[in-house]
Novice: 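Sharing a structure here in structure tokens format.
Counting starts at 1 for both ligands and their atoms, following the listed order.
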Amino acid sequence: MEKIIDNKLESEYNKLVESESILPIKITDFYKKKVQEEISKIGIGGPLYKSVIPTQEKISIKTSVETRDYVEENKHMPIEGVDYIIRKYEDRLVFIITDICFSHCQYCFRTYNLSKLQKSNLKETIYNKIEVLKKYLKQHNEVKEVIFSGGDPLSIGYENMSYALEELKDWNIRIHTRAIVYEPKVFDDKTILKFNC
Ligand code: SF4
């Protein structure tokens, strides 16, 4: 597939991935084709392009007030040592069911945390995470909704998702996903039937 990122820009960005611990560039073949279609119509730098490829400004401009956790998720992790349960509101919480995404968005506000998790990914399996979550939920009846996030929850595969939905069937589940944009083939008949979407 034709290259859609300038070599120099890519190399500069890769250095930042190492030094700043941010997510590397990752783009599905499906989305790459969409970006190429966009480039053929309007050239480099359209909205599809900028969603997944860094700009020179992003790489070179740094201000004194930048912060890594700018939505303050780290302050809202209610269980010590558990970085996949985030609770900012009384009646719902975010469950980072996986740290893997189909593609990496340049605007991701979890880039630092996800790149950290990816290095220690195997420490917690999805099943173990669900056990920890269920224990917490049973002690906190005020939580009515669990938001599956990540990473992309739909990247965990049909069997894992079925297990998660079954285990957590007593709570409302919301799924945050970018799969419809990056990898729509996951919405096959089997998935749609199970998820009732
Ligand atoms: S899919 Fe979500 S978690 Fe993954 S990089 Fe994009 S915004 Fe971040």
Novice: Of all the atoms in ligand 1, which lie at a distance below 4.0 Å from a heavy atom belonging to Gly150?
Specialist: 3 (S)

Novice: Is it true that the side chains of Asn113 and Asn74 contain a donor and an acceptor less than 3.5 Å apart?
Specialist: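 Yes, a side-chain donor-acceptor pair sits under 3.5 Å.
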
Novice: Under a 4.0 angstrom heavy-atom cut-off, which atoms of ligand 1 come close to Leu114?
Specialist: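 Counting atoms of ligand 1 from 1, those under 4.0 Å from Leu114 are 3 (S).
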
Novice: Just by distance, no angles: are the side chains of Lys50 and Gln106 close enough, under 3.5 Å, to form a donor-acceptor pair?
Specialist: no

Novice: Hey, is Glu10 close enough to Lys3 for a salt bridge, meaning N to O under 4.0 Å?
Specialist: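 So Glu10 pairs with Lys3 through a salt bridge.
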
Novice: Provide the full list of ring-ring contact (aromatic ring centres under 6.0 Å, His included) pairs with a residue in residues 37-66, sequence neighbours left out, each pair given once.
Specialist: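 Output for this query is empty, none listed.
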
Novice: Using atom types as modelled, flag every donor-acceptor pair under 3.5 Å from a side chain in residues 147-156 to any protein atom, sequence neighbours excluded.
Specialist:
residue: Ser149; atom: OG; partner: Arg110; partner atom: NH1; Å: 2.9
residue: Asp152; atom: OD1; partner: Leu154; partner atom: N; Å: 3.0
residue: Asp152; atom: OD1; partner: Thr177; partner atom: OG1; Å: 2.7
residue: Asp152; atom: OD2; partner: Thr177; partner atom: OG1; Å: 3.1
residue: Asp152; atom: OD2; partner: Arg178; partner atom: N; Å: 2.8
residue: Asp152; atom: OD2; partner: Ala179; partner atom: N; Å: 3.4
residue: Ser155; atom: OG; partner: Ile100; partner atom: O; Å: 3.2
residue: Ser155; atom: OG; partner: Asp152; partner atom: O; Å: 2.6

Novice: Would you say atom 5 (S) of ligand 1 has a protein heavy atom nearer than 4.0 Å?
Specialist: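 Yes, there is one.
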
Novice: Output every pair passing salt bridge (Lys or Arg N to Asp or Glu O under 4.0 Å) with a member in residues 131-142, not counting sequence neighbours, ordered by first then second residue.
Specialist: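 Checked against salt bridge (Lys or Arg N to Asp or Glu O under 4.0 Å) - neighbours excluded - the pairs reaching residues 131-142 are Arg87-Glu142, Lys134-Glu167.
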
Novice: Within a radius of less than 6.0 Å around OH of Tyr89, do more than 12 heavy atoms belonging to other residues, nucleotides or ligands occur?
Specialist: no

Novice: Leaving out waters, which are not shown anyway, how many protein N, O or S atoms lie closer than 2.8 Å to atom 6 (Fe) of ligand 1?
Specialist: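 Those protein atoms number 1 in total.
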
